[in-house]
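In what follows, a single structure is set out as structure tokens and then discussed.
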Amino acid sequence: MRMPERLDRKFFARGAIELAAELIGRRLVRVLPRGDRLSGVIVETEAYVGVQDRASHAYGGRCTPRNRSMYGPPGTAYVYFTYGMHHCMNVVCGKEGEPAAVLIRAAKPIEGLGHMQVLRGRGTIEPTELCSGPGKLCQAMQIDRTLDGIDLVNSSELFLEIEGEGPISAIGITRGPRIGLGDVGSWAKRRLRWYVSDSPYVSGGSRKRSPFRGGRNRG
DNA sequence: ATTTAGATCCTCT
DNA sequence: GAGGATCTAAATG
């Protein structure tokens, strides 16, 4: 029985646009302090391409205590706190010193669903709702700022594996504009979000409305 | 189905 | 002192 292969430094050492597409279908793994393993297949990402990106925390080359991780080597985790209650997790990419990252927005839970339910903690939650948004995903996988700046290539508490559900063909992935941005001019319109077409595990803003029964998408 | 308001606190100006 | 890479519950058509 072989260990699943992890994504290495070289995998992360490229532009955010390329990486955002490549992370779809990979497995995000979180090992809790007590050893419990939680994981999910990434189904939605957003690219924050660099200092020229007005929606990026590193726009204009800003470097602050908060976004310092974005300037680290590719494969660094950038975890920040927002809206007074939520965390968001990014994978830093490109060259060290040049801030670019991919926001992990949603995942299909694979391991530790029971534990995720407890961590999300609002009664019974559908599997499709456990990690269907950046804040939800971090809550379900207990990702917070203590993990900011860690190295996803070598960490034993948070990392990425090659195997998810196998390669997803380009035709199975939809591109669209990013979500929740402020006044960022033309950057708001650029299609820098990727998600698995028709997946019920993506965030609300990406969900395709069903022509039938007005119901939710399945499986 | 869609809209709304409120929660809530860290970060930067 | 303002606002944010969000989420939920409640209200409304």
Side-chain angles (χ1 to χ4, degrees), chain A residues 16-17 19-21 23-24 28 42-71 76-94 99-107 109 116-149 175-195 200-217:
Chain A
I17 288 179
L19 185 66
L23 283 177
I24 300 286
L28 175 64
I42 296 170
V43 296
E44 184 177 349
T45 59
E46 278 181 5
Y48 288 83
V49 303
V51 297
Q52 71 276 27
D53 185 345
R54 286 184 61 185
S56 170
H57 289 165
Y59 173 60
R62 282 192 303 260
C63 185
T64 66
R66 177 177 64 161
N67 68 8
R68 162 181 116 273
S69 301
M70 291 186 78
Y71 291 81
T76 299
Y78 170 40
V79 183
Y80 66 90
F81 183 76
T82 191
Y83 289 111
M85 34 175 48
H86 295 294
H87 295 275
C88 293
M89 181 209 160
N90 298 252
V91 179
V92 175
C93 60
V102 175
L103 171 66
I104 308 300
R105 285 192 57 89
M116 290 182 187
Q117 290 272 2
V118 174
L119 287 164
R120 292 270 286 117
R122 307 220 180 222
T124 303
I125 301 174
E126 299 290 325
T128 53
E129 301 296 325
L130 283 174
C131 302
S132 57
K136 294 176 182 178
L137 181 146
C138 286
Q139 189 180 24
M141 299 184 78
Q142 200 170 111
I143 296 170
D144 58 33
R145 282 176 310 171
T146 63
L147 298 174
D148 181 38
R175 261 181 94 163
R178 292 176 292 185
I179 292 182
L181 308 182
D183 176 21
V184 296
S186 63
W187 286 93
K189 296 175 183 170
R190 295 193 47 176
R191 305 198 314 159
L192 295 176
R193 179 168 47 100
W194 284 255
Y195 58 93
Y201 295 94
V202 299
S203 68
S206 315
R207 234 165 266 173
K208 195 177 174 181
R209 50 178 163 187
S210 168
F212 303 108
R213 299 197 306 268
R216 295 169 185 228
N217 295 318

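Letters A, B, ... mirror the listed sequences (proteins, then strands); counts begin at 1. All values below come from the heavy atoms of this structure, side chains included, with hydrogens, waters and symmetry mates left out.
Both G84(A) and R62(A) sit near DNA chain B, but only G84(A) has its closest nucleotide nearer the 5' end. A residue-by-residue look at F81(A) and P134(A) shows that F81(A) has its nearest nucleotide of DNA chain C further toward the 5' end.
Regarding contacts with the backbone of dT6(C), a side-chain N or O of R105(A) is found under 4.0 angstrom from either OP1 or OP2. Put simply, R145(A) has a side-chain N or O that comes within less than 4.0 Å of OP1 or OP2 on dT11(B). Here R120(A) reaches the OP1 or OP2 of dT8(C): one of its side-chain N or O atoms lies under 4.0 Å away.
Whole-Å rounding puts the E129(A) CD to dT6(C) C1' distance at 14 Å. Here the P atom of nucleotide dT6(C) and the CD atom of E44(A) are 10 Å apart, to the nearest Å. Atom OH in Y59(A) sits roughly 16 Å away from atom C1' in dA5(C) (whole-Å rounding). If you measure from atom OH of Y78(A) to atom P of dG4(C), you get 14 Å, rounded to the nearest angstrom.
Among the atoms of the strands shown, base atoms are found under 4.0 Å from some heavy atom of L103(A). Among the atoms of the strands shown, only primed sugar atoms or phosphate atoms (P, OP1, OP2) are found under 4.0 Å from some heavy atom of G135(A). Residue contacts shown for R54(A) are absent, as no nucleic acid heavy atom lies under 4.0 Å away. Nucleic acid contact class of R66(A) (heavy atoms, under 4.0 Å, all strands): sugar-phosphate only.
Rounding to the nearest 0.5 angstrom, the gap separating the CG atom in L119(A) from the CD atom in Q139(A) is 7.5 Å. The distance from atom CZ of R105(A) to atom OH of Y195(A), rounded to the nearest 0.5 Å, is 11.0 Å.
Of the nucleotides present, dA11(C) is the one that pairs with dT2(B) by Watson-Crick or G-U wobble criteria, both distances under 3.5 Å. Remark: dT8(B) base-pairs with no nucleotide; criterion is Watson-Crick or G-U wobble with both hydrogen-bond distances under 3.5 Å.
When the nucleotides dA5(C), dT8(B), dT13(B) are ranked by their closest atom to the side chain of M85(A), dT8(B) comes out on top. For Y80(A), the side-chain atoms get nearest to dA5(C) when compared with the rest of dC10(B), dA7(B), dA5(C). The side chain of K136(A) approaches dC7(C) more closely than any other nucleotide in the set dC7(C), dT13(B), dA7(B).
Geometric assessment of R66(A) against the ring of F81(A) yields a negative cation-pi assignment under the 6.0 Å and 45° thresholds.
Remark: ring of Y83(A) not stacked against base of dA7(B); the cut-offs of centroid gap under 5.5 Å and plane tilt under 30° are not jointly satisfied.
Side chain of D53(A) to backbone of Y48(A): no donor-acceptor contact under 3.5 angstrom is found.
In summary, R178(A) and E46(A) do not engage in a salt bridge, as defined by a charged side-chain N under 4.0 Å from a carboxylate O.
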